[in-house]
Amino acid sequence: MFGTIRKHQKWLWIVIITVIVISFVIYFSPYSNLNDTRGGRVNLGSINGERVGQEQYIHAQREVYMRHYFMTGTWPDDEARRGGEEIQRETYQWLLLIQKQKQLGIHVSTDVVAQAARAMVSQFQRAGITSPDMFVQRVLQPRGFGLGDLERFVRHYLGVQELISTAGLAGKLTTPQEARDLFKREHEELATAAVFFSASSYLSNVTVLPEAVTQFYSNRLATYRVPDRVQVSYVKFDLADYAAAAGQELTRMTNLDLEIDEAFRQGGTNFLLEVGAQSVAEAKLKIRDARRRQFEYQFARSNAVHFANPLFDMDPVTADSLENLAKEKGIPVGITAPFDRETPPAELGVALDFAQKAFARTPSDPLVGPIPGSNAVYIIALKKKIPSEIPPLDQIRVQVVEEYRHSQALGLARQAGVDFYQLLTNGMSQGKTPADICAAARHRLVDLPPLSLATRQAPEVENLINLNQLKQIAFSTPPGKVSNFQMTPNGGVIVHVKAKLPLDESKIAASMPAFLNAVRQSRQNEAFNDWFRREAEKGLRDTPLARQQPPPAMNQAPSEKKS
C-alpha cells in the first residue's frame, strides 16, 4: 500500500508537439492536486455570469489532468490531490479559457485535432503506443477517461494557442526599428576601469583584543544561534546504476530524430530557443541526453518504490525499519550529518524540499521517499532531531575571531574608499588622469572587459562585485567620469567610465532576425499574460476561487490508483 508514501517528485518529460507554448505554464502549474471525492449537490459558481455546470466542470477537470500528464508523463499524485486547491484553480482557469475561445469564435477543425493528437501521443512510442486510440486504451481508459476526453482536450489546447496569438497580438507588432533600438541599447558597450577596496587587503591592519572579541560575540549572539537540525538515515538508488537500461530505452525511440526535425520545421528558431540549442544537431543531443536522464530517474524511482513498499506496509513502522530492511537486502545505509531547514545535505545533491520533508517526519511517521537528487533517488528515515542552541564563545572562538577581523577590515577598506574618492575627484578637477592618481596613491586601477547591459559574465571581477551592481554603476556614470564610492559585500569600488564603444554593424545585422523574433515572442507572451490576468480577475470573481471555499469535488472525478 504504497499510496501513503510521499511521491512529490515529478519527472519533466519533453513534449514535442506541433505548437510550442511558453506563457501557458505560468497560469497552470503541472504540480496539482484534487480533493477526495464526496457526494452532494455543489455550487460551482459562475464565470462572467455564466453558471458552471457539474458536467462542464468535470470535463474541464479531466482536461487539466490530461494536460498534466502530457507535460510530465505522470498523473497528479494522491498526496497532492488531498489539498485540491491547485486542481481547482487550474480547472476554473481552463474553463475561462474555453469560454473565451467560444466568445472569439475560435474553432479547431477535426483534421487539425487528429493531427495534433497523433503528434502528442507519439512521445509514448517507447511504451508501444502508436496511435491515439491505443493511448486511450492503455492510458486513459484505466482512469475512466475516453476518446472524447482526449479529443476535447486537444481541441481546447490548440484553441488556447490561438488565444495566445490573438490576445498577444500587440506583442507581435514590434517593428524592426524598435527591435534594433532595443538591441543597440542592450549591446552598446562601455570601456571601463575600476579601483576595488577589499577587506582582505586590510586584515593585516587589524589588532585583535580579547575584550573586543568578547564584546563582538555578545553583540551578535543571535547570529551564532544554531537552528533546529535533523539527522536522517537513507538508502541511495544511484542513477549510474541504471545508465545501461536507460540507454536501451533510448534506442527503442526510433522516431525521436524525426519528431525533432518536425518540431524544428514547425517552430524554427523558436524551437531552438526553447531547447537552448544553436542547431538541430545540438538540439537532438540535448533532447537525447534529457530523455536518457529521465529514463535513469524512472528506473531509480521504480526500484526505490519496490524497495520501500514493505516499509509502508509495516504497522508500526519505526526509524530503524529502514536500516533493518536494507541490512536484510544487503543494501548499504548512509547517515547524514545534522542539517537545518535551509541547508540540505550537500553531499547528497538534493534540493531544499529534502530538508523540508525530513523536518516533517516524526517518530510515528519517520519515512519519506522517493526523493530525487542530482544523481540519485533516496528513501530516508528520521534518525534524530536536535534543538536550537547558542554555542559558548570558547567553543567557536576561532570563528568569532575571524569574523571580528573581517568586520574590522571591512570598515577600514570602506573608509579607504571614501577617502580616495575625494582624492580622485580633486585630482581630476586639476587635470590629472585617474591612472596617474591611482599610481601615486598606490591603488590598482583594473581595466575591465567591454561591458554592456547584455553582458552575462565577468570572471575577472566576479569575486569582487556582483555583475548587476557593476552594470548599474557603470551605466549611471557619464563617460569620462568616475562613480561615487559604492559599497560591495567585500568592501567597495570606484568605477571609471572611459568611453562608449561603437557597435559593429555587421554584428547587428547578423543578430537582428533571431533577436526580433525573440522580442516579439516575449512581448506576445507578456501581452497574453496581462490580458489573461485581467480576464481572470473579472471572470472568476463569482467562483470558489474568489470566495475561498473548499474546492468542489465530483463523484465522477477521475480517481487516482495506488501505485
Side-chain angles (χ1 to χ4, degrees), residues 174 176-201 273 276 278 410 413-414 416-429 431-519 521-523 526:
T174 303
Q177 184 59 48
E178 286 181 281
R180 179 184 175 86
D181 293 342
L182 181 60
F183 183 90
K184 292 179 67 175
R185 188 180 74 84
E186 292 187 359
H187 292 82
E188 185 177 54
E189 294 179 331
L190 299 178
T192 61
V195 184
F196 293 98
F197 299 85
S198 299
S200 58
S201 301
L273 288 172
Q278 299 295 322
L410 187 63
R414 289 173 174 171
V418 171
D419 294 342
F420 181 69
Y421 172 74
Q422 295 298 328
L423 179 66
L424 182 62
T425 53
N426 289 338
M428 291 178 66
S429 67
K432 298 178 182 178
T433 67
D436 290 339
I437 299 170
C438 287
R442 297 185 179 180
H443 286 301
R444 183 186 176 201
L445 183 64
V446 180
D447 284 322
L448 304 179
L451 185 69
S452 75
L453 293 175
T455 300
R456 294 293 177 263
Q457 56 183 2
E460 298 83 356
V461 295
E462 62 184 9
N463 294 326
L464 299 172
I465 188 172
N466 176 272
L467 178 58
N468 288 332
Q469 183 184 12
L470 176 61
K471 288 193 285 188
Q472 190 277 328
I473 296 172
F475 282 90
S476 60
T477 302
K481 303 293 185 179
V482 295
S483 71
N484 292 330
F485 172 77
Q486 301 286 336
M487 289 191 296
T488 67
N490 295 315
V493 66
I494 299 172
V495 176
H496 175 215
V497 178
K498 296 188 284 188
K500 287 185 178 180
L501 302 177
L503 269 173
D504 185 345
E505 288 297 327
S506 62
K507 178 181 178 181
I508 298 177
S511 303
M512 277 310 301
F515 185 79
L516 174 60
N517 188 59
V519 170
Q521 185 68 57
S522 176
R523 290 187 175 181
E526 291 174 1

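These figures come from a predicted structure and were not determined experimentally.
- Within the structure, ring-ring contact (aromatic ring centres under 6.0 Å, His included) contacts touching residues 445-470 (residues at least two apart or in different chains) do not occur.
- A heavy-atom distance below 4.5 Å is found between the side chains of Glu188 and Lys500.
- For the side chain to side chain contact (heavy atoms under 4.5 Å, CB included) test, residues two or more places apart in sequence or in another chain that qualify with Pro450 are Glu189, Leu501.
- Considering only residues two or more places apart in sequence or on other chains, Asp436 meets the side chain to side chain donor-acceptor pair (under 3.5 Å) condition with Thr433.
- The side chain to side chain donor-acceptor pair (under 3.5 Å) test applied to Thr477 returns no partner, not counting sequence neighbours.
- When atom types are taken as modelled, the side chain of Ser511 and the backbone of Ile508 share no donor-acceptor pair closer than 3.5 angstrom.
- Identified under the ring-ring contact (aromatic ring centres under 6.0 Å, His included) test for residues 492-513, with sequence neighbours left out: none.
- Remark: Ala458 pairs with Glu460, Val461, Leu467 by the side chain to side chain contact (heavy atoms under 4.5 Å, CB included) rule, at least two apart or across chains.
- For His443, the ring-ring contact (aromatic ring centres under 6.0 Å, His included) partners are Phe197, Phe420, not counting sequence neighbours.
- The minimum heavy-atom distance between Pro478 and Val497, with the atom names listed, is O-CB, 3.9 Å.
- The side chain to side chain donor-acceptor pair (under 3.5 Å) test applied to Arg414 returns no partner, not counting sequence neighbours.
- Scanning both residues, Leu445 and Pro434, for their nearest heavy atoms gives CD2-C, 4.2 Å.
- Atom OG in Ser476 sits 13.0 Å away from atom NZ in Lys471 (nearest 0.5 Å).
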Original post:
Where do Ile473 and Ile465 land on the side-chain contact (heavy atoms from CB on, under 4.5 Å) test, with the steps shown first?
Top reply: CA-CA 11 Å; Ile473 296 172; Ile465 188 172; 4.2 Å; yes
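- Shown here for Gln457 and Pro459, the closest heavy-atom pair between the two residues is C-CD, 3.8 Å.
- For residues 444-459, the salt bridge (charged side-chain N to carboxylate O under 4.0 Å, His left out) pairs, not counting sequence neighbours, are Asp447-Lys498.
- Between atom OG of residue Ser522 and atom CG of residue Asn517 there is a gap of 11.0 Å, rounded to the nearest 0.5 Å.
- Partners of Ser198 according to the side chain to side chain donor-acceptor pair (under 3.5 Å) rule, which considers only residues two or more places apart in sequence or in another chain, do not exist here.
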Using distance only, find each side-chain donor-acceptor pair of residues 177-184 under 3.5 Å and give its atom names and separation, not counting sequence neighbours.
unit_1	atom_1	unit_2	atom_2	d
Gln177	NE2	Asp181	OD1	2.9
Glu178	OE1	Thr175	N	3.0
Glu178	OE1	Thr175	OG1	3.3
Arg180	NH2	Glu505	OE1	2.7
Arg180	NH2	Glu505	OE2	3.4

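- Here Leu470 contributes atom CG and Gln472 contributes atom CD; the two are 10.0 Å apart, rounded to the nearest 0.5 Å.
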With a 3.5 Å cut-off and sequence neighbours excluded, list the donor-acceptor pairs that the side chains of residues 479-492 form with protein atoms.
unit_1	atom_1	unit_2	atom_2	d
Ser483	OG	Val495	N	2.9
Asn484	OD1	Tyr421	OH	2.7
Thr488	OG1	Asn490	N	3.4
Thr488	OG1	Gly491	N	3.1
Thr488	OG1	Gly492	N	3.2
Asn490	ND2	Asn463	O	2.7

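- Remark: Asn468 CG to Thr455 OG1 distance equals 10.5 Å, nearest 0.5 Å.
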